[in-house]
Amino acid sequence: MLEPTDIIRLEDDAVVVLDQTLLPGDVRERRCTSVPALVDAIRVLAIRGAPSLGVAGAMGVALAAALGPDDVAALRAQVERAAQDLAAARPTAVNLAWGVDQALEVLDEPWDDPDELRRAVASRARAVHAEEVARCRRMGVHGAALFGPRAQLLTQCNAGALATAGYGSALGVVRTLADDGQEPHVWVPETRPLLQGSRLTAWELATDGIAHTLVTDNAVAALFGEGRIDVVVVGADRIAANGDV
């Protein structure tokens, strides 16, 4: 099974991401040793998915702090400039700016020691990652309780570990079912034009050994017509208070 640190992790001098542009044919990490390198990874979709982008934003702030000068005032200024660049990498990705802000909150405290500031920002970035994974695991437990054994599920696009930095929202439900021995089967539409279904979701399910069938987008209506789908489970960027998605 994919681990959260396989998707994205913060090292002392880099943010390392699994390059999603190369999947499924080439499983390779992309090592971002500067904020501009991470911004480029975000822009080209090497790291994608709202929760994963939030984690990347927080880790990017931590990377800026790690690479900054020892003067605290100058360090703050450099981190704040880097934060603006990170948030602008995908202006429509609300989670990206949110993750940046989460890490920036650490700068609001009074700091005299630049190394303590760096450690605090890094700790906050890693906490953002851990909290995201924990949320997905809880969603998986709640969602799995709705379905019985050998459920036939349809998903769309990619709402798995790749998109959420470690476990998955929609695929988190599937993973929990599989872990519980419920033997789910997933119908995976290709999801044109970027093929997040055929390139990413199918790859994740194969990596985890979960039964699945890749189909063309056009085949979904036929599957419904034949009664071969029990439930649709997808990720949602936003859920309103009244339940609208």
Side-chain angles (χ1 to χ4, degrees), residues 1-4 6-8 18 20 23-25 27 45 47-55 93 95 131-245:
M1 178 177 287
L2 288 167
E3 296 296 331
D6 294 332
I7 310 302
I8 185 170
L18 180 61
Q20 298 184 34
L23 294 172
V27 182
L45 305 183
I47 182 78
R48 47 149 291 284
S52 286
L53 288 174
V55 174
N95 286 61
E131 291 161 7
E132 196 62 68
V133 174
R135 276 192 289 273
C136 284
R137 290 186 179 276
R138 289 196 297 273
M139 280 191 283
V141 171
H142 293 311
L146 301 172
F147 313 126
R150 293 176 292 282
Q152 296 286 320
L153 303 105
L154 174 79
T155 190
Q156 180 73 7
C157 195
N158 175 257
L162 294 169
T164 62
Y167 193 72
S169 52
L171 285 195
V173 175
V174 175
R175 283 193 168 90
T176 302
L177 286 168
D179 289 344
D180 290 344
Q182 299 298 316
E183 299 180 354
H185 174 270
V186 185
W187 296 95
V188 183
E190 54 197 339
T191 319
R192 291 181 179 272
L194 295 181
L195 303 175
Q196 294 99 322
S198 60
R199 290 194 309 105
L200 305 179
T201 296
W203 177 80
E204 283 196 45
L205 292 168
T207 299
D208 287 352
I210 297 173
H212 62 284
T213 302
L214 177 64
V215 298
T216 65
D217 292 337
N218 290 6
V220 172
L223 293 172
F224 275 114
E226 294 172 0
R228 302 179 73 176
I229 297 170
D230 299 324
V231 63
V232 177
V233 56
V234 294
D237 286 329
R238 290 291 177 268
I239 302 174
N242 68 351
D244 288 346
V245 298

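Because the structure is predicted, anything quoted here is derived from the model rather than measured.
- Among pairs with a residue in residues 134-144, those fulfilling salt bridge (charged side-chain N to carboxylate O under 4.0 Å, His left out) read E132-R135, at least two apart in sequence or across chains.
- Side-chain atoms of F147 and V231, non-hydrogen and from C-beta on, do get closer than 4.5 Å to each other.
- Between T164 atom OG1 and I8 atom CD1 the span is 11.5 Å, to the nearest 0.5 Å.
- Listed by chain and number, the residues in a side chain to side chain contact (heavy atoms under 4.5 Å, CB included) with Q182 are P149, L177, D180 (sequence neighbours excluded).
- Contacts of D244 classified as side chain to side chain contact (heavy atoms under 4.5 Å, CB included), with partners at least two apart in sequence or in another chain: A240, N242.
- Considering only heavy atoms from C-beta on, D6 stays 4.5 Å or farther from L18 through its side chain.
- Sorted by first then second residue, the salt bridge (charged side-chain N to carboxylate O under 4.0 Å, His left out) pairs that include residues 152-162, not counting sequence neighbours, number zero.
- Residues forming a side-chain hydrogen bond (donor to acceptor under 3.5 Å, both in side chains) with R150 (at least two apart in sequence, or on another chain): none.
- Looking only at side-chain heavy atoms (C-beta outward), L223 and Q152 stay at 4.5 Å or farther from each other.
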Table please: side-chain donor-acceptor pairs of residues 201-209 below 3.5 Å, with sequence neighbours left out.
{"from": "T201", "atom 1": "OG1", "to": "C157", "atom 2": "O", "distance (Å)": "2.6"}
{"from": "T201", "atom 1": "OG1", "to": "N158", "atom 2": "ND2", "distance (Å)": "3.1"}
{"from": "E204", "atom 1": "OE1", "to": "A161", "atom 2": "N", "distance (Å)": "2.8"}
{"from": "E204", "atom 1": "OE1", "to": "R175", "atom 2": "NH1", "distance (Å)": "3.3"}
{"from": "E204", "atom 1": "OE1", "to": "R175", "atom 2": "NH2", "distance (Å)": "2.8"}
{"from": "E204", "atom 1": "OE2", "to": "N158", "atom 2": "ND2", "distance (Å)": "3.0"}
{"from": "E204", "atom 1": "OE2", "to": "A161", "atom 2": "N", "distance (Å)": "3.3"}
{"from": "E204", "atom 1": "OE2", "to": "L162", "atom 2": "N", "distance (Å)": "3.1"}
{"from": "T207", "atom 1": "OG1", "to": "W203", "atom 2": "O", "distance (Å)": "2.8"}
{"from": "D208", "atom 1": "OD2", "to": "R175", "atom 2": "NE", "distance (Å)": "2.5"}
{"from": "D208", "atom 1": "OD2", "to": "R175", "atom 2": "NH2", "distance (Å)": "2.8"}

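- In this structure E3 satisfies the side-chain hydrogen bond (donor to acceptor under 3.5 Å, both in side chains) test with no other residue, sequence neighbours excluded.
- Every residue two or more places apart in sequence or in another chain that forms a side-chain hydrogen bond (donor to acceptor under 3.5 Å, both in side chains) with T176 is listed here: Y167.
- Scanning for side chain to side chain contact (heavy atoms under 4.5 Å, CB included) contacts around A222 gives an empty result, with sequence neighbours left out.
- Remark: L153 CG to L171 CG distance equals 9.5 Å, nearest 0.5 Å.
- Residues forming a ring-ring contact (aromatic ring centres under 6.0 Å, His included) with H185 (at least two apart in sequence, or on another chain): W187.
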